[in-house]
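As the structure is a prediction and not an experimental result, all values here were calculated from the model. Just so you know, ligand 1 is whichever comes first in the structure, and atom 1 is the first atom listed for that ligand.
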Amino acid sequence: MSLIDKPSPNFNERKGPPDMVVLHYTGMETAKAALDRLLDPDAKVSAHYVVDEDGSVYALVPEERRAWHAGVSYWRGETDINGCSIGVEIVNPGHEFGYRDFPAIQIDAVIGLLDGIRERWDIADSRILGHSDVAPARKEDPGERFPWKTLADHGHGLWVEPDLPPAGAMGPPLGPGDEGLGVFSLQSALGKLGYNVLGGGPYDDETLTIVRAFQRHWLPEVIGTEIEGRADAATRVRLMALLRHITLLEV
Ligand SMILES: [Zn+2]
């Protein structure tokens, strides 16, 4: 893969080697506008790479350095996500400026980039995440159009498609205002996966936000439907299947 050097001044030192990748969309009207911002010392933001819609890959910050892409964020007890991750900005106008599908050539480039990153660093599939996973209350990127399944088909990240239980076997979807053991189990499972959820209370706004983030990554077809933010059988079965999968990998 050929990289185009576009050094950004926006970085500092890491405390240790990266063990996570965070994927973003740029969320700006053009690739140029996004690059200008990521190279602007006053903006104080950056990423390690920018992947354009034609498959061009720009290298902004060396992988050994700490780029500034995640902001206030959390995963599995870690709050310095910039410190432990490699950040990849994928050009797309995003929800604000006309969210559109990611071209296949662009996704091929993301996969090629991940191939190289994971040859150089020890990064588990369970730590290839979206910005919306590590900052669910603030961020939607890379969003429900991002083809996580295609990435997993090429060996990057986690994807599961478990069979659904018989209709009605799991009761109605859980949603705002519900409480009890089902809600507690849901919150606990989301927390075990990595999301920043305390749990123990009712299905509140925080729970809804995190269920929505989970769906944006692992059940994107429900985004924009009445199930968005509510935990139906498909959401809960997929969450359980992911946890089972990770547990097996970690044994
Ligand atoms: Zn982002």
Would you say the Zn ion (ligand 1) has His69 as a near neighbour, meaning an N/O/S atom of that residue under 2.8 Å away? no
Within a 6.0 Å radius of atom OH on Tyr74, are there more than 12 heavy atoms belonging to other residues, nucleotides or ligands? yes
Measuring from the Zn ion (ligand 1), name the closest N, O or S atom belonging to His24. ND1
With a 4.5 Å cut-off on side-chain heavy-atom distances among I, L, V, M, F, W and Y, is there a chain of contacts connecting Met28 to Val91? no
Point-to-point distance, once rounded to the nearest 0.5 Å, from CG of Asp232 to CD1 of Ile227: 4.5 Å
Name, closest N/O/S atom of Asp141 to the Zn ion (ligand 1): OD2
Can you name the closest pair of heavy atoms from Gln187 and Pro202 and give their distance? NE2-O, 3.2 Å
Which N, O or S atom of His131 lies nearest to the Zn ion (ligand 1), by name: ND1
